[in-house]
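Structure, as structure tokens:
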Number of protein chains: 2
Amino acid sequence: MEYNAKQLQIIEVAERLFADKGFAGTSVRDIAQEANVNVSMISYYFGSKEKLIEALFAMRMGESRSRMEMLLGNEDLIPIQKINILIDSAIDRLMGNQCFHNIMMREQLSSERTPAISEHIRALKLRNVQLMQKLIEEGQALGAFRKNIDLSLMSTTLYGTINYAIATQDFYKRINGLEGMEEAEFQSHLKRKLSQHLKSLFKSTVTNEHHNQD
Amino acid sequence: MEYNAKQLQIIEVAERLFADKGFAGTSVRDIAQEANVNVSMISYYFGSKEKLIEALFAMRMGESRSRMEMLLGNEDLIPIQKINILIDSAIDRLMGNQCFHNIMMREQLSSERTPAISEHIRALKLRNVQLMQKLIEEGQALGAFRKNIDLSLMSTTLYGTINYAIATQDFYKRINGLEGMEEAEFQSHLKRKLSQHLKSLFKSTVTNEHHNQD
DNA sequence: ACAAAAATCAAACGTTTGTTTGATTTTACT
DNA sequence: AGTAAAATCAAACAAACGTTTGATTTTTGT
């Protein structure tokens with residue numbers, strides 16, 4: 001589905017408001033006002049508020065594919081390098097679409113509020129977890145990774161840590177005394193810290209190497 | 001504040017519904033119906049729907065203290081044992097109060113929806129992160145733990161992993177083929193897996209010991 | 001047993017909700 | 001230029017919302 005400028009404007013405003021106040025907490029009049037359109041345009045273009053959030057999901061899910069396939073094809077990389085690419089691409093994806101992933105998180109907290117959306121999320125999570133399992137099993141086959149790794153909980157730790165870091169970033173800012181830092185600078189600071197932290201975490205946990213400082 | 005049976009009934013039903021459908025997505029009539037009370041009783045007892053969720057937070061926050069202080073006082077335990085106790089008590093606390101922590105997670109996703117609640121959450125998170133920092137610094141002082149540990153992101157990983165595991169437990173069930181398992185059994189299964197996973201994760205990451213299988 | 005207090009109820013209150021209507025304006029096409 | 005389609009609008013719609021009211025029942029304390 002392709003959208004014109006007005007429709008995109010509505011979707012993007014809705015994304016921001018849904019992320020901030022939740023789906024039920026956001027009225028179509030809120031959206032219409034911030035998007036500078038008449039209330040009736042939402043039903044006119046999307047059919048209903050419910051179909052609007054489904055359109056948002058269909059749109060955002062359609063993006064982001066294919067960039068990670070590069071990493072699978074490249075045979076020059078050693079297992080831990082592939083894991084590191086996976087970590088960084090997950091951080092980039094979640095940090096770069098905070099509003100949408102906030103909404104996704106909310107949807108996961110409700111059980112099956114909208115079947116179409118739940119199905120989108122399930123498919124995405126399945127791709128993510130299978131990709132990580134593939135990389136870990138490759139590393140295990142090469143003898144580089146430990147055998148006793150809980151595959152599905154490793155991806156829980158990856159996405160759980162990133163999501164939770166994003167959800168609590170104000171708290172992180174406060175306890176690390178970064179309240180004065182400019183927003184864009186803070187975002188890249190957090191990305192860098194998350195990257196270091198998760199890479200070190202995964203390296204210690206999945207590899208057979210003895211730990212060495214860097 | 002102490003509540004009578006009817007008030008507790010309202011709070012507990014509200015907790016379940018807020019967790020499942022969100023605060024804005026739950027109507028006072030939903031709550032009244034499931035709690036078998038008249039709609040007006042909610043305003044009568046709590047003043048408003050908003051004050052009801054604040055009462056819920058005040059009640060749940062008041063519990064759960066003090067059990068973990070035991071772990072701090074005990075000088076017989078080595079650092080990694082204290083960390084393990086912290087992990088298990090976090091798992092027990094979050095898994096044992098899934099509805100409430102679901103609501104807490106939702107509140108963290110909205111920026112400052114209710115200042116009183118945000119303040120409760122901030123205080124709780126501060127206690128948690130400071131406790132973990134204290135334990136890690138003890139271990140570092142004893143030479144048992146590495147020096148280059150990102151203190152605030154370690155607790156992000158702990159709580160992020162548990163919260164995300166709880167939020168996606170239906171998915172976990174499905175990809176691990178546990179759909180037939182009885183609910184109580186699955187809950188203790190997940191607790192055990194989470195405990196093993198997080199202990200192994202923390203051991204690999206924070207200690208100076210070389211890894212050994214168990 | 002009685003009076004005061006607390007609890008409960010159906011009904012109504014005024015808003016806000018998502019959606020539809022019908023008229024009007026703007027755009028697109030020949 | 002003229003007409004059909006698309007877009008926009010204020011207004012209205014019924015339903016659901018949180019809350020209040022005022023009468024009635026139940027509980028409590030003496």
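Given the structure is predicted, the values throughout are model-derived calculations rather than measurements. Convention: sequence-line order gives letters A, B, ...; per-chain numbering from 1.
Whole-Å rounding puts the A:I10 CD1 to C:dG18 P distance at 14 Å. Rounded to whole angstrom, the span from the NZ atom of B:K49 across to the C1' atom of D:dT19 amounts to 12 Å. Look at OH on B:Y44: it is 7 Å from P on C:dA6, rounded to the nearest Å. Atoms CG (A:N4) and C1' (D:dA5) sit 14 Å apart, rounded to a whole Å. Spacing between atom CG of B:L52 and atom P of D:dC17 amounts to 15 Å, rounded to whole angstrom units. Rounded to a whole Å, the CG atom of B:D30 is 8 Å from the P atom of D:dG18. Counting to the nearest Å, the P atom of C:dT8 and the CE atom of B:M41 are 4 Å from each other. Between B:F46 atom CZ and C:dA6 atom P the separation is 17 Å, expressed in whole Å.
Between A:K6 and the phosphate of D:dT8, there is a side-chain N or O to OP1/OP2 separation shorter than 4.0 Å.
Residues passing the side chain to side chain donor-acceptor pair (under 3.5 Å) test with A:N102 are A:R106, sequence neighbours excluded.
Note that A:R113 lies in the cation-pi zone of A:F23, set by a 6.0 Å cut-off to the ring centre and a 45° limit from the axis. Cation-pi geometry between B:K173 and B:F186 is satisfied (NZ or CZ under 6.0 Å from the ring centre, within 45° of the ring normal).
Residue B:F46 comes nearest to B:Q7 through the heavy atom pair CZ-O, 3.7 Å, listed as atom of the first residue, atom of the second, then distance.
Checking D:dC9, C:dC9, C:dT19 against the side-chain heavy atoms of A:N38 singles out D:dC9 as nearest.
Among the heavy atoms of the strands lying under 4.0 Å from A:S27 are primed sugar atoms or P, OP1, OP2 only; no base atom is included. Residue A:Y45 is classed as a sugar-phosphate contact, given heavy-atom separations below 4.0 Å to backbone atoms only.
In terms of polar N and O atoms assigned as donor or acceptor, the side chain of B:S40 comes within less than 3.5 Å of the base of C:dC9 in a complementary pairing.
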